[in-house]
Every structure is written in C-alpha cells, then in structure tokens.
Amino acid sequence: MACFSHSTTNGFPVFDNLDPRFRKPVWDPDLKWNTPYMWFGTGSRTTATESATNSWADLWDARLKGRLTMLDDPEDMLGACLKKIGLSFNATDAAELERAKQEAIAQKPLVQAYLNAEVRDQLVSGDVLAAQLWATTAQQAVDASTQLAFAYPQEGFPLYCDCAVSCGRGERSV
C-alpha cells in the first residue's frame with residue numbers, strides 16, 4: 001500500500017500568489033494533504049469576428065450548427081445546460097436535471113462533437129466557431145491566434161482547482 005505524507009506550503013515562494021479562496025479549501029482547510037497549484041473554470045470561446053458568447057444560451061445559436069463543440073465531460077456539459085436555464089451547476093433535483101437533459105437534446109443537432117483539449121487546434125484553424133472548454137485550453141488557443149476570445153458566461157460557471165499530493169520520502173508512488 002502506498003503512503004501519502006503531509007504536504008507543506010513552507011518554502012513555496014509562489015504560495016503568496018495563490019488566490020485566497022484556495023488557501024483554505026473546504027476539502028483540506030489546513031492544506032495538510034495537498035497543495036493547490038492551478039485553478040480554472042469552463043467557459044466559451046468564439047472568433048473575434050463572431051459576436052462574443054457572454055451567455056451559455058449563445059451556445060444554442062442555430063448559426064453555429066456543425067461548428068460548435070461541447071465538453072465531453074458530462075458534468076460540465078450538463079452544467080452548462082443547467083446554468084443556461086438559471087439553475088445551479090450542482091442541481092440534484094430530478095425535475096431540474098430533466099429540464100437540463102431536454103436542453104442538451106435540443107442543442108445536440110448543432111454540436112459537431114463532444115470533446116475537450118482536441119478542440120484547441122480546430123478553434124485556431126477556424127473549423128470550430130464556438131466551444132465550451134476549460135480556460136486552460138482556451139488560453140492555449142488564444143495564445144496561438146489573436147482572432148480568438150474567451151468568456152466566462154454571465155450566468156456563472158464552475159471553478160476547479162488542481163492539487164499536488166505529496167508522497168512520503170522513500171515510499172512508493174501512487
């Protein structure tokens with residue numbers, strides 16, 4: 001069995017740059033078991049020549065048919081549907097989830113594919129006009145083309161944090 005060691009932020013000069021909301025996360029308030037190193041959310045991206053997608057509803061625009069992608073992650077894709085209709089990304093009520101399901105079904109004829117990082121090159125080339133994607137992937141696309149823009153939708157979006165976990169010295173890695 002592999003063992004984990006307690007993590008420490010001592011000696012991490014960049015810890016002071018960590019967003020305050022991740023300095024005492026609910027899952028590990030003392031940062032005893034992990035160290036957050038990157039945060040990101042999902043949003044949407046369009047070409048600079050298209051109107052900006054500032055709302056999840058913009059990803060249901062019929063003009064995007066065949067040139068739109070959504071994340072292949074069910075939680076994020078369904079979360080976009082929930083936010084579009086004004087519900088919580090974390091909804092668990094069966095009736096609310098059914099409404100989100102109907103939104104996903106209505107959008108499906110417009111969607112070229114459900115994928116994630118693979119869309120970056122399609123965005124840069126212009127084959128895809130709009131996409132739901134993680135901010136980190138969007139930044140890579142924006143860095144590669146000045147014709148791209150990224151937005152966090154006005155209805156809200158999920159915010160994630162990646163964390164590093166320490167393995168004890170001399171212990172087996174997991």
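Note that the structure is a prediction, hence the values are computed from the model and not measured.
Ring geometry for F157 versus Y152: interplanar angle under 30°, hence parallel rather than tilted (30 to 60°).
For the pair D30 and K32, the salt-bridge criterion is not met [side-chain N within less than 4.0 Å of a carboxylate O].
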**Item:** Criterion side chain to side chain contact (heavy atoms under 4.5 Å, CB included) on D93 and L87, from CA distance to verdict
**Value:** CA-CA 10 Å; D93 178 76; L87 300 173; over 6 Å; no
**Request:** Could you check Q140 against W134 for side chain to side chain contact (heavy atoms under 4.5 Å, CB included), going step by step and ending with a plain yes or no?
**Result:** CA-CA 10 Å; Q140 293 170 345; W134 287 297; over 6 Å; no
**Asked** Would Q139 and T137 count as a side chain to side chain contact (heavy atoms under 4.5 Å, CB included) if you check the C-alpha gap in whole Å, the side-chain angles of each, and the deciding distance to 0.1 Å?
**Response** CA-CA 5 Å; Q139 187 61 56; T137 304; over 6 Å; no
**Message:** Between S55 and W60, does the side chain to side chain contact (heavy atoms under 4.5 Å, CB included) criterion hold? Intermediate values first, please.
**Reply:** CA-CA 10 Å; S55 170; W60 274 254; over 6 Å; no
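Distance check, rounded to the nearest 0.5 Å: SG of C163 to CG of L31 gives 8.0 Å. In this structure, the separation between CD on E118 and CG on D121 is 9.5 Å, given to the nearest 0.5 Å. If you take CG on L129 and CG on L148, they are separated by 10.5 Å, rounding to the nearest 0.5 Å. L82 contributes atom CG, which lies 13.5 Å from atom NZ of K101 (distance to the nearest 0.5 angstrom). Note that the CG atom of L110 and the CZ atom of R63 stand 11.5 Å from one another [nearest 0.5 Å]. Atom CD in Q154 sits 7.5 Å away from atom CG in D58 (nearest 0.5 Å).
Between L59 and L64, the shortest heavy-atom contact is CA-CD1, 4.4 Å. The minimum heavy-atom distance between A80 and F89, with the atom names listed, is N-CE1, 4.4 Å. The nearest pair of heavy atoms linking K83 to E155 is CE-O, 3.0 Å. The shortest heavy-atom contact between I85 and A100 is CD1-N, 3.9 Å.
For the side chain to side chain donor-acceptor pair (under 3.5 Å) with N116, the qualifying choice from D76, T69, D72 is D72, the only one to do so.
With no hydrogens or angles considered, no side-chain donor-acceptor pair links E103 and Q107 at under 3.5 Å.
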